[in-house]
K.L.:
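The structure is given below, and queries will be raised subsequently.
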Amino acid sequence: MTLIASPPSTAIRPRTRRRLSPRRPIRLGFLLGPSLLLALWTLASATGHLDPRFLSAPWTVVGTAAELTESGRLQDNLLTSVGRVALGLAIGVPLGTALALVSGLSRWGEALIDGPVQIKRAIPSLALMPLLILWLGIGEGMKVTVIAVGVLVPIYIHTHNGLRGIDSRYVELAETVDLGRGAFIGKVVLPGALPGFLLGLRFAVTTAWLFLVVAELINSTSGIGYMMDLARTYGQTDVILVGIVLYGLLGLFSDAAVRVVERRALSWRRTLAS
């Protein structure tokens, strides 16, 4: 009896690489969470688990928003609020960036600027309101200043952190090729600090809407906050919810817009989110 041994298998199975990074981005994925909240709200209202006296149903809020739009109140107040936020960002973002550059590139600048900004960061903005009202009154100047000061802090913190995190080898290379101060800032500092600046900008745009709420609740005669405060006087929870939904949507889409800019400006990076 002859035994024929079968040849050993030499085929090597290709090794399947285990994917550890997240899958491809979901199209409009940032809307899924809010849509789920809306669905839960609708379900709870439809089944009677939510008392409409305390929280109006989504369809009531949509109907109220339509009525406010027809009367022109909603768009007028919205334009006023957007104008205040835009002006606050236009002042706070350049100021925060400039302070971060001075503080990040100079030891004297850091000694003079960093401490006051950290103190402001620790002080709640509501605590500053009485002082700002005494200095600036209750007009537009006070409201825009509150937003600008609130925006300044995240821009400064994240830009300064990004600037200080620039690899020292790039600085040595710039010194080796004898770059001037202006060229060093333009070719090394600003690109290196850009990721931190854009992260600060995401915080800044949402912070601006938060401070707008605080500013508009104080003796305003226009704006979304004024509309909500007036509705509180008359017990109109549906109008208050229209304002809250508007603030939420404005914050959500402002952040999404900055994310788009961030992805395009930092497309050269290969990160976990890529």
Side-chain angles (χ1 to χ4, degrees), residues 30 33-34 81-106 109-129 131-132 136 140-166 185 189-218 223-225 244 246-266 269 271-273:
F30 74 101
S81 296
V82 170
R84 286 170 180 153
V85 166
L87 192 53
L89 285 169
I91 297 171
V93 171
L95 190 57
T97 307
L99 290 175
L101 288 175
V102 174
S103 175
L105 296 174
S106 163
E110 183 180 29
L112 293 173
I113 294 172
D114 194 63
V117 175
Q118 299 299 338
I119 290 172
K120 165 61 193 75
R121 184 185 171 198
I123 297 175
S125 294
L126 280 175
L128 290 177
M129 292 293 286
L131 198 59
L132 289 176
L136 304 172
E140 291 298 308
M142 182 273 292
K143 296 177 177 60
V144 172
T145 302
V146 168
I147 297 169
V149 172
V151 163
L152 180 151
V153 175
I155 289 288
Y156 172 86
I157 297 292
H158 292 285
T159 306
H160 183 268
N161 186 55
L163 193 155
R164 283 301 173 92
I166 294 174
I185 292 174
V189 173
L190 293 181
L194 188 60
F197 168 77
L198 289 171
L199 178 61
L201 191 59
R202 285 184 59 193
F203 279 97
V205 292
T206 48
T207 301
W209 292 110
L210 294 176
F211 282 98
L212 177 72
V213 178
V214 177
E216 286 188 340
L217 288 177
I218 298 175
I224 302 172
I244 291 173
L246 264 180
Y247 277 131
L249 290 177
L250 289 169
L252 180 68
F253 286 107
S254 300
D255 182 70
V258 179
R259 283 191 185 193
V260 171
V261 174
E262 186 180 32
R263 274 200 297 273
R264 292 186 177 180
L266 305 177
R269 290 198 314 178
T271 63
L272 189 65

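Predicted model only: the values in this text are computed from it and were never measured. Note that the numbering runs from 1 along the sequence shown for the chain.
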K.L.:
From Ile155 CD1 over to Leu199 CG, what is the distance, rounded to the nearest 0.5 angstrom?
P.N.:
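It comes to 9.5 Å.
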K.L.:
Compare all side-chain heavy atoms of Leu101 with those of Leu190 and state whether any distance is below 4.5 angstrom.
P.N.:
yes
K.L.:
What is the minimum heavy-atom distance between Ala193 and Ile166, and which atoms define it?
P.N.:
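Closest heavy-atom pair between Ala193 and Ile166: N-CD1, 4.3 Å.
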K.L.:
May I have all residue pairs that pass side-chain hydrogen bond (donor to acceptor under 3.5 Å, both in side chains) and include part of residues 142-157, sequence neighbours excluded?
P.N.:
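Qualifying pairs, neighbours excluded: Ser103-Tyr156, Asp114-Tyr156.
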K.L.:
What's the separation between atom NE2 in His158 and atom CG in Leu163, rounded to the nearest 0.5 Å?
P.N.:
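Rounded to the nearest 0.5 Å, the NE2-CG separation comes out at 14.5 Å.
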K.L.:
So, for Ala208 and Ile147, which heavy atoms are closest and what is the spacing to 0.1 Å?
P.N.:
CB-CG2, 3.9 Å
K.L.:
Roughly how far apart are Leu136 CG and Met129 CE, rounded to 0.5 Å?
P.N.:
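The distance works out to 10.5 Å.
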K.L.:
I'd like to check the ring pair (Phe, Tyr, Trp, His ring centres under 6.0 Å) partners of Phe197; sequence neighbours left out, ordered by chain and number.
P.N.:
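Applying ring pair (Phe, Tyr, Trp, His ring centres under 6.0 Å) to Phe197 gives none.
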K.L.:
Nearest 0.5 angstrom please: Gln118 CD to His160 NE2, how far?
P.N.:
8.5 Å
K.L.:
Considering non-hydrogen atoms only, spot the tightest contact between Glu262 and Leu198 and give its length.
P.N.:
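It is CA-CD1, 3.8 Å.
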K.L.:
Could I get the full list of side-chain contact (heavy atoms from CB on, under 4.5 Å) partners for Thr207, not counting sequence neighbours?
P.N.:
Pro154, Phe211
K.L.:
Roughly how far apart are Leu99 CG and Leu112 CG, rounded to 0.5 Å?
P.N.:
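The distance works out to 11.0 Å.
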K.L.:
Extract all donor-acceptor atom pairs below 3.5 Å that involve side chains of residues 82-89 and protein atoms in other chains or at least two apart in sequence.
P.N.:
| from | atom 1 | to | atom 2 | distance (Å) |
| --- | --- | --- | --- | --- |
| Arg84 | NE | Glu140 | OE1 | 2.9 |
| Arg84 | NE | Glu140 | OE2 | 3.3 |
| Arg84 | NH1 | Glu216 | OE2 | 2.7 |
| Arg84 | NH1 | Ser222 | O | 3.1 |
| Arg84 | NH2 | Glu140 | OE2 | 2.6 |
| Arg84 | NH2 | Ser222 | OG | 3.3 |

K.L.:
Nearest 0.5 Å, what's the CD1-CD1 distance between Ile224 and Ile244?
P.N.:
11.5 Å
K.L.:
Run the numbers on Leu132 and Val149 for side-chain contact (heavy atoms from CB on, under 4.5 Å), then give the verdict.
P.N.:
CA-CA 11 Å; Leu132 289 176; Val149 172; 5.7 Å; no
K.L.:
Any side-chain hydrogen bond (donor to acceptor under 3.5 Å, both in side chains) involving residues 85-100? Give me the pairs, sequence neighbours left out, ordered by first then second residue.
P.N.:
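Those involving residues 85-100 do not exist here.
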K.L.:
Can you give the donor-acceptor pairs under 3.5 Å from side chains of residues 250-258 to other protein atoms, not counting sequence neighbours?
P.N.:
| from | atom 1 | to | atom 2 | distance (Å) |
| --- | --- | --- | --- | --- |
| Ser254 | OG | Trp209 | NE1 | 3.2 |
| Ser254 | OG | Leu250 | O | 2.5 |
| Asp255 | OD1 | Arg202 | NE | 2.9 |
| Asp255 | OD2 | Arg202 | NH2 | 3.4 |
| Asp255 | OD2 | Arg259 | NE | 3.1 |

